[in-house]
Amino acid sequence: MKEYRTITQVAGPLVFVEKTEPVAYGELVTITLPDGSTRKGQVLDTSRDIVVVQVFEGTRGIDKASTVRFTGDIVRLSCSKDMLGRIFNGRGEPIDGGPPVVPEEKRPIVGTAINPYARKYPREFIQTGISAIDGMNTLVRGQKLPIFSGSGLPHNDIALQIARQAKVRGQEEEFAVIFAAMGITYEEAYKFMNEFEKTGALERAVVFLNLANDPAIERLITPRMALTAAEFLAYEYDLHILVILTDMTNYCEALREISAAREEVPGRRGYPGYMYTDLATNYERAGRIRGRKGTITQMPILTMPGDDITHPIPDLTGYITEGQIVLSRVLHAKGIYPPIDVLPSLSRLQKEGIGPGLTREDHKQWNDQMYAAYAEGVDLRGLVAIVGEEALSERDRLFLKFADEFERRFVNQGKYEDRDIEYTLDLGWELLSMLPERELTKVEKKWIEKYHPKYRKKPPEVVAAEKIAAS
């Protein structure tokens, strides 16, 4: 392999090299500095005369005296089942003091496109232990369900809670978590590592940490490293994998920085026009494949700049993924954790993961009724601000009280409180019992008589006698 001393320009994380022989897009590059140290990079662009190299460890100290060697290979991750329980940096190097991973296979981090015909429809309930997700916006195997958050909101705490508590009910298959953090501080990194180790969740997790002071370019490969590990464990060892990516906003900011360094024509708000495609190459690596037992479920987390859900990052993410969990600054100000606003939240695949044999037979209609009652209560708050609560009817006051109790008792729960789905559904029925039975129009009579607290506290023969008397 030839070495070149033809660096013509260094711009941000990019090095421009004049070349004499063809090189491939994505090819791995080794740069040797005058002091003998080396840096790794990747070919970002290539033309007849110039090769653009993005440097993973930063370009400080690189000058025209540095040498560039094109390796003829691409960026790969050393994959092994021994990765479980390990902590890596954003480049896939161990940072937990343990030995390097002995690879069973070295996989390209770009992954392999899944044939749409080979995809199997996402199904089967994943219990996170969080009522606002399990009950109202259910996560299913193979789904990609992002969390839309904002600066200062506890999205990292929610991510840790999901990583600790996520489980596949009624199945004996192994379940693991791939956790990738991008652009986080030392304090956050310490919190993540300490939490994983303290709770024992690290034993079934693989953690990738990219710190805020790491080069921005490293942020572009961190989620790909994580997803490559997820694909290896899911499809080679039949594990069910939950991939948590936080924070995708930092990823997109790195993408914009690299685009600006390349002097590309910017798109919306300065982000590159290909950001949709780039995000899709990450998000679409979730799913199920026919004939393979393992599955990959994704929960990307992003902070919306200015809490703007129309910002390009959440906007494009919403197009690619199957719903969103939206965090509310208003609920957070009330001291409610997790501050999940269920009204703008959505799980497009919820219907596939609930019902008999998955959660419970009443779940679908229960969900519709809970949404309707809470939405009416929230609307009435606006009316109260204008006319006062005294002007409301008795019925309206009940719905107003339901909305308050829904937030205080149903949405609100402890950071270490792991609720099973039966508890969540029963709690919802307890709240619905605050309303007159005639208002439960979304639920069939048979489910009311089976799960409503009014009937569940009575023996079956009493319920039957009451029905006869009523007729």
**Asked** Does OH belonging to Y274 count more than 12 external heavy atoms closer than 6.0 Å?
**Response** yes

**ring-ring contact (aromatic ring centres under 6.0 Å, His included) between Y237 and F232, intermediate numbers included** = CA-CA 7 Å; Y237 284 95; F232 176 78; 5.7 Å; yes

**Item:** D420 vs K167, salt bridge (Lys or Arg N to Asp or Glu O under 4.0 Å): CA-CA, chis, key distance, verdict
**Value:** CA-CA 10 Å; D420 61 35; K167 59 180 70 71; over 6 Å; no

**Request:** Might you confirm whether atom NZ of K334 has over 12 heavy atoms from other residues, nucleotides or ligands at distances under 6.0 Å?
**Result:** yes

**Prompt:** Should T228 and C79 count as side-chain neighbours, where that means a heavy-atom distance under 4.5 Å?
**Reply:** yes

**Contacts of type ring pair (Phe, Tyr, Trp, His ring centres under 6.0 Å), residue H311, not counting sequence neighbours** = Y271

**Request:** Decide, yes or no, whether a salt bridge links E124 with R141 under the criterion of side-chain N to carboxylate O below 4.0 Å.
**Result:** yes

**Prompt:** Any donor-acceptor pair under 3.5 Å linking the side chain of S80 with the backbone of M83?
**Reply:** no

**Item:** Sidechain N-carboxylate O distance under 4.0 Å for E417, R419
**Value:** yes

**Request:** Taking ring pair (Phe, Tyr, Trp, His ring centres under 6.0 Å) as the test, write out the residues that go with Y337, two or more places apart.
**Result:** none

**Asked** Hey, which of K144, Q143, Q298 is the one that makes side chain to side chain contact (heavy atoms under 4.5 Å, CB included) with T321?
**Response** K144

**Prompt:** For D379, which residues count as a side chain to side chain donor-acceptor pair (under 3.5 Å) partner, sequence neighbours excluded?
**Reply:** none

**Asked** So does R285 pair up with E231, basic N to acidic O under 4.0 Å?
**Response** yes

